[in-house]
Amino acid sequence: MREKLALFLAKYMHLEKGDVENIIEIPPSHDLGDYAFPCFFLAKLQKKNPGEIAGDIVKKIQNKLPKEFERAEANGPYVNFFLNNKLLAENTIKQVLKEKDKYGSSNEGKGKTIVVEMSSPNIAKTFSVGHLRSTIIGNSLSKIFSFKGYKVVKINYLGDWGTQFGKLIAAYKRWGKETELKKYPIDYLLKLYVEFHEKAKTNKSLEDEARSWFKELEDGNKEALNLWKRFRELSIKEFKKTYGILDIDFDDYSGESFYEVSANKIIDKLRKKRLIKESEGALIVGLDSYGLGAALIRKKDGAKLYLTRDIAAAIDRYNKYKFNKMIYEVGKEQTLHFKQLFKILEIAGYKWSKQCVHVAHGLYLDKNGKKLATREGKIFAMENLLKEATLKAFNIIQEKNPGLRNKDKVAEIVGIGAIIYGDLKNERTRDAVFELDRFISFEGNTGPYLQYSYARASSIIRKSKKSPLRIGHRETQRTGPFHSPFHRASELDSTKALQLDRTIHDLNESEIKLAKKIALFPSIVDDALKGFYPSLLANYAYELAQIFNEFYHLVPVIESVEESFRLALINAFCHTIKNALALLGIKTLEEM
Ligand code: ARG
């Protein structure tokens, strides 16, 4: 609409469309219209005061406005433009009911590939809340890019290599128990790891033993490799359970171990390009001139590092996927690491390094503002957390709606949704407070509140004996099968043709507000994609739900004269909030 208005004004005033678009403002309050055109800059040119100019413009264009605009008004130095709300509402509803789960999508990304590296937990160090953030945010970004037509490749870059494996092997060989490992692989490996550190405090030889096991591993010792493989496979199996609960999958599980060998080639390559210096026996890339210090590439003892493997991984991924963008969804404490990585790729001549982005997130804090995950084994076990959320949701549902069918399944969807939303409502770069009880509440800015709004809207549609207004058709009585909690809203409207041959009533303010908010959805999707900010969609969904609930509170639907139109509007709301939540990775329920 803004573009349309800019085009129109530019033509009438012989200005550049882009310039006009840039200066058009959104007025601070509704009674000042939907858009405002400030006239200050014309004052000098026309040697008149801006107020006069605004008046002139209105006189000139009033009868020639594009049909989407109802009128223009001069107000001081501004020309205010009022949208034709009826037309806007009609068009929006028509569009949503036609596009349904595609509403807001596009194919702008057709032919382009986005690599999203996300989650990337470390074996034997449990899945921390930091990894949960990466998983949730990365998953949402993947969905947003797919929705806009991009091909998305999701990579889980497992921390499956490094000196910790020397420690694990040493510990396992000394006091490990096969049966325990089989029963709770991740917890048990973590336990071994923690125990190792405790015992190493008094037993100095343990560290040496670990170092030498890691060396064996690097050199391909069979026993070491076999143990490593088992640790890895058992851990992945466990991780996959968590991903299953979250309904997240990956295209690729190539972790750090995958790049151990090619990291050698990288060192040769950098050497040939004269980018490597020796420093006290270690190899470094000097990045001082970029303010990035010295990047350690190989340690004195010959061990290659996290950074070296990352260089190898980036190059391999580019060769494999020819990505247009590669997103690393990783905590912001690794900012320097990624700056160094991208800079090394750049000075080594990889032009695509510009297409790599570190999409960083902040920490999770507890109620007291303390960091939630720590190194000493005080780590959140993900599966337990998800179970706890589900249980809490179950208890609330049991109280609110004891007769509901499939309560277990519903509770899982609500519990998981609560955690996902609790994360995504925060601007990702900020630290966020993790408070399960608040996340799970059915009131306030929470996932369950949004799901509940959707369920409420669905129930209105179910209760009505009419079908949503098929604009251009005779209204019909709906005789359909009863709908289970898992039926989709789209099944409720068989709305096909939507020509307008029946004018709708004059809309009231609540209807207009809701329709306008719905109309905004596609532009929110665009903004979320551009800045990698799922929080924009989360906040939008919350505002949308609030506006819907306000509407429903104020405006009668069932048995009202405008029942059919309002059902159509509610239906459009259902599709929109469902799409928004789906992009966050949150499921909706017809009943809860
Ligand atoms: N496994 C790492 C960690 O938990 C995160 C990996 C981030 N990705 C990367 N390409 N370095 O800290």
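Predicted, not measured: the structure shown is a model, and the values here were computed from it. Sequential numbering from 1 along the given sequence is applied to the chain's residues. Every number for a ligand or one of its atoms is a count from 1 in the order of the listing. Note: hydrogens, waters and symmetry copies are ignored here, and every other heavy atom, side chains too, is used.
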Identify, with sequence neighbours excluded, every residue that meets ring-ring contact (aromatic ring centres under 6.0 Å, His included) alongside Phe250.
Tyr243, Tyr253

Side-chain atoms of residues 314-321: list all donor-acceptor pairs with protein atoms under 3.5 Å, sequence neighbours left out, distances to 0.1 Å.
{"unit_1": "Asp316", "atom_1": "OD2", "unit_2": "Tyr259", "atom_2": "OH", "d": "2.8"}
{"unit_1": "Arg317", "atom_1": "NH1", "unit_2": "Glu117", "atom_2": "OE2", "d": "3.3"}
{"unit_1": "Arg317", "atom_1": "NH2", "unit_2": "Glu117", "atom_2": "OE2", "d": "3.3"}
{"unit_1": "Asn319", "atom_1": "ND2", "unit_2": "Ile315", "atom_2": "O", "d": "3.4"}
{"unit_1": "Tyr321", "atom_1": "OH", "unit_2": "Asp252", "atom_2": "OD2", "d": "3.0"}

Test Tyr421 against Phe439 for ring pair (Phe, Tyr, Trp, His ring centres under 6.0 Å), laying out the working first.
CA-CA 8 Å; Tyr421 187 80; Phe439 287 2; 8.8 Å; no

Side-chain donor-acceptor contacts of residues 143-150 below 3.5 Å, not counting sequence neighbours, with atom names and distances?
{"unit_1": "Ser146", "atom_1": "OG", "unit_2": "Ser142", "atom_2": "O", "d": "3.0"}
{"unit_1": "Lys148", "atom_1": "NZ", "unit_2": "Ser106", "atom_2": "OG", "d": "3.1"}
{"unit_1": "Lys148", "atom_1": "NZ", "unit_2": "Asp526", "atom_2": "OD1", "d": "2.6"}
{"unit_1": "Tyr150", "atom_1": "OH", "unit_2": "Glu108", "atom_2": "OE2", "d": "3.1"}

cation_pi(Lys299, Phe214) dist<6.0 Å, angle<=45
no

Identify all pairs of nitrogen or oxygen atoms, one from ligand 1 and one from the protein, separated by less than 3.5 Å, and list them with distances.
{"unit_1": "ligand 1", "atom_1": "1 (N)", "unit_2": "Ser120", "atom_2": "O", "d": "2.9"}
{"unit_1": "ligand 1", "atom_1": "1 (N)", "unit_2": "Asn122", "atom_2": "OD1", "d": "2.6"}
{"unit_1": "ligand 1", "atom_1": "4 (O)", "unit_2": "Asn122", "atom_2": "OD1", "d": "3.4"}
{"unit_1": "ligand 1", "atom_1": "4 (O)", "unit_2": "Asn122", "atom_2": "ND2", "d": "3.0"}
{"unit_1": "ligand 1", "atom_1": "4 (O)", "unit_2": "His131", "atom_2": "NE2", "d": "2.7"}
{"unit_1": "ligand 1", "atom_1": "8 (N)", "unit_2": "Glu117", "atom_2": "OE1", "d": "2.8"}
{"unit_1": "ligand 1", "atom_1": "8 (N)", "unit_2": "Glu117", "atom_2": "OE2", "d": "3.4"}
{"unit_1": "ligand 1", "atom_1": "10 (N)", "unit_2": "Glu117", "atom_2": "OE2", "d": "2.6"}
{"unit_1": "ligand 1", "atom_1": "10 (N)", "unit_2": "Asp310", "atom_2": "OD1", "d": "2.7"}
{"unit_1": "ligand 1", "atom_1": "10 (N)", "unit_2": "Asp310", "atom_2": "OD2", "d": "3.3"}
{"unit_1": "ligand 1", "atom_1": "11 (N)", "unit_2": "Tyr306", "atom_2": "OH", "d": "2.7"}
{"unit_1": "ligand 1", "atom_1": "11 (N)", "unit_2": "Asp310", "atom_2": "OD2", "d": "2.6"}
{"unit_1": "ligand 1", "atom_1": "12 (O)", "unit_2": "Gln334", "atom_2": "NE2", "d": "2.9"}

Salt bridge (Lys or Arg N to Asp or Glu O under 4.0 Å) between Arg298 and Glu278, worked out
CA-CA 10 Å; Arg298 197 177 74 189; Glu278 241 190 84; over 6 Å; no

